Colleague: 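To start, I am sharing the structure in question, which I have written as structure tokens.
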Amino acid sequence: MQSDRRHELETNVLADAAAQVAERLGPHLRTIAVACAVAVAGMAAWSVIDSRRVAAREESWVSCLDALASGDAAAINGVALRYPGTPAAQWARLVLADGLLDQGSRALFTKRAEGLERLQAAVAAYSSLLASSPLPLVAERATIGLAKARENLGSLDEAVRGYEALVREYPASALRPFAEARIGALGRESTRQWYDWFAQQQPAPPADADGAPATTPPAGPDAPAATGSGTGADAPG
């Protein structure tokens, strides 16, 4: 009996407390209700936006892989334009810059003006990509690509600074040995003489049937930077 009485008293106390809270909140209930509704709507909207972002990111990767498989530069560029700021777009831009570096480096031996133009475009592409604060791995490859493009343009001091940036900013990079090798090579007078000699050459057909060049380069030149942003194994000899 006493237990029932205690329970009744506790119930009355809780009811009175609840009534007091309701009375105090009464004038503000509409505002609170609106705030709650806004919060719920915001959470729902964020959920929708987040799901759309995930879907867009997945779509960007599918488009990127399809474009890379096709080898179509226009399709790869389309990925960069349609999905700006996404990892897929960053890789697409890197691939395009690497393509310009490769084409420009090779053209130097056949069509000098075209090669220089493409290398300048590669410098602009790498620089723009780095300015957008890309993913670390993309930035690492863009840094080495930019240094190579500048080296092949004959801007050797700028190239050295680029290779040094790779060593400094990405000390654990697999590209570090290549960068250090290029820093050492570009510090030798024989390498700089080779680039001075090469800058004066005008691409021409071989002088004889055996394919001997029309002029002989300085003795013992170091190989120029490889095309692309790999480790340099395909550097021309």
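Everything numeric in this text was worked out from a predicted model, so none of it was measured.
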Colleague: I'd like to know if the side chain of Arg176 reaches the main chain of Pro171, judged simply by a donor and an acceptor atom lying under 3.5 Å from each other, with no hydrogens or angles considered.
Modeller: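 Judged by distance alone, yes, a pair lies under 3.5 Å.
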Colleague: Minimum heavy-atom separation for Thr191 to Ala185, with atom names?
Modeller: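 Between these two residues, the closest heavy atoms are OG1-O, 2.7 Å.
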Colleague: If I take atom CG from residue Leu119 and atom CG from residue Leu153, how far apart are they, to the nearest 0.5 angstrom?
Modeller: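 So the gap between those two atoms works out to 4.5 Å.
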Colleague: Please table the atom pairs, donor to acceptor, closer than 3.5 Å between any side-chain atom in residues 62-72 and protein atoms at least two apart or in another chain.
Modeller:
residue: Ser63; atom: OG; partner: Glu59; partner atom: O; Å: 3.1
residue: Ser63; atom: OG; partner: Tyr83; partner atom: OH; Å: 3.3
residue: Ser70; atom: OG; partner: Ala67; partner atom: O; Å: 2.7
residue: Ser70; atom: OG; partner: Asp72; partner atom: N; Å: 3.2
residue: Asp72; atom: OD1; partner: Ala74; partner atom: N; Å: 3.0

Colleague: How long is the gap from CD on Gln90 to OG1 on Thr86, to the nearest 0.5 Å?
Modeller: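 OG1 of Thr86 is found 7.0 Å from CD of Gln90.
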Colleague: Measuring from Arg182:CZ to Glu151:CD, what's the distance to the nearest 0.5 Å?
Modeller: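 It comes to 4.0 Å.
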Colleague: Work out which heavy atom in Ala139 is nearest to a heavy atom in Leu130; give both atom names and the distance.
Modeller: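 Closest heavy-atom pair between Ala139 and Leu130: O-CD2, 3.5 Å.
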Colleague: Closest approach of Ser173 and Pro177, non-hydrogen atoms and distance?
Modeller: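 Nearest heavy atoms, Ser173 then Pro177: O-CD, 4.0 Å.
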Colleague: Side chains of Asp102 and Arg106, heavy atoms from C-beta outward: is any pair under 4.5 Å?
Modeller: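 With C-beta onward as the side chain, the pair touches.
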Colleague: For Asp157, does its backbone N or O pair with a side-chain atom of Arg150 as donor and acceptor, under 3.5 Å?
Modeller: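 Between the backbone of Asp157 and the side chain of Arg150 there is no qualifying donor-acceptor contact (under 3.5 Å).
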Colleague: Could you tell me whether the side chain of Ser132 and the main chain of Leu129 form a donor-acceptor pair under 3.5 Å?
Modeller: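 Present.
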Colleague: With a 4.5 Å cut-off on side-chain heavy-atom distances among I, L, V, M, F, W and Y, is there a chain of contacts connecting Val123 to Val95?
Modeller: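 Val123 does not cluster with Val95.
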Colleague: Quick one, Asp196 with Arg192, criterion salt bridge (Lys or Arg N to Asp or Glu O under 4.0 Å). Give me CA distance, side-chain angles, the key distance, then yes/no.
Modeller: CA-CA 6 Å; Asp196 289 341; Arg192 292 181 176 260; over 6 Å; no
Colleague: Nearest 0.5 Å, please: how far is CG in Leu175 from OG1 in Thr143?
Modeller: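 Answer for the OG1-CG pair, Thr143 versus Leu175, is 9.5 Å.
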Colleague: Tell me whether Leu100 shares a hydrophobic cluster with Leu96, the cluster being built from Ile, Leu, Val, Met, Phe, Trp, Tyr side chains joined at under 4.5 Å.
Modeller: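 No, because Leu100 and Leu96 fall into different hydrophobic clusters, even though each may have its own neighbours under 4.5 Å.
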Colleague: Check whether any side-chain heavy atom of Phe198 lies under 4.5 Å from a side-chain heavy atom of Arg112, and answer yes or no.
Modeller: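 When only atoms from C-beta onward are counted, Arg112 and Phe198 do touch, with a gap below 4.5 Å.
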Colleague: So, the side chain of Glu140 versus the backbone of Leu166: is there a donor-acceptor pair under 3.5 Å, distance only?
Modeller: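 No; zero donor-acceptor contacts below 3.5 Å.
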Colleague: Under a single-linkage definition using a 4.5 Å side-chain heavy-atom cutoff for Ile, Leu, Val, Met, Phe, Trp and Tyr, are Val138 and Ile76 assigned to the same hydrophobic cluster?
Modeller: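 Different clusters.
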Colleague: Check the angle between the aromatic planes of Trp194 and Trp197 and answer parallel, tilted or perpendicular using the 30° and 60° thresholds.
Modeller: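 Geometry flag for Trp197 against Trp194: tilted rings.
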Colleague: Identify whether NZ of Lys or CZ of Arg in Lys148 sits under 6.0 Å from the centre of the six-membered ring of Phe178 and within 45° of that ring's axis.
Modeller: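 Pair Lys148/Phe178 counts as cation-pi.
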Colleague: Where do Arg93 and Ala80 come nearest, in terms of heavy atoms and distance?
Modeller: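 Arg93 and Ala80 have their closest heavy atoms at CG-CB, 3.7 Å.
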Colleague: Applying side chain to side chain donor-acceptor pair (under 3.5 Å) to Ser105 and Arg118, what does each step give before you reach the verdict?
Modeller: CA-CA 8 Å; Ser105 300; Arg118 290 184 182 272; over 6 Å; no
Colleague: When rounded to the nearest 0.5 angstrom, what distance separates CG in Leu101 from OH in Tyr126?
Modeller: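 The CG atom of Leu101 sits 4.5 Å away from the OH atom of Tyr126.
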Colleague: To the nearest 0.5 Å, how far apart are CZ in Arg141 and CG in Leu135?
Modeller: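 Separation between the atoms: 13.0 Å.
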Colleague: I want to check something: taking the side chain as every heavy atom from C-beta on, are Trp61 and Pro87 in contact at a cut-off of under 4.5 Å?
Modeller: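 The answer is yes; the side chains approach within 4.5 Å.
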Colleague: Over all heavy atoms of both residues, which pair between Ala147 and Ala159 is shortest? Give the atoms and the distance, please.
Modeller: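 Ala147 and Ala159 have their closest heavy atoms at O-CB, 3.5 Å.
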Colleague: Look at atom CD of Glu164 and say whether more than 12 heavy atoms of other residues, nucleotides or ligands are closer to it than 6.0 Å.
Modeller: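 Yes, the 6.0 Å shell around CD holds more than 12 heavy atoms from other groups.
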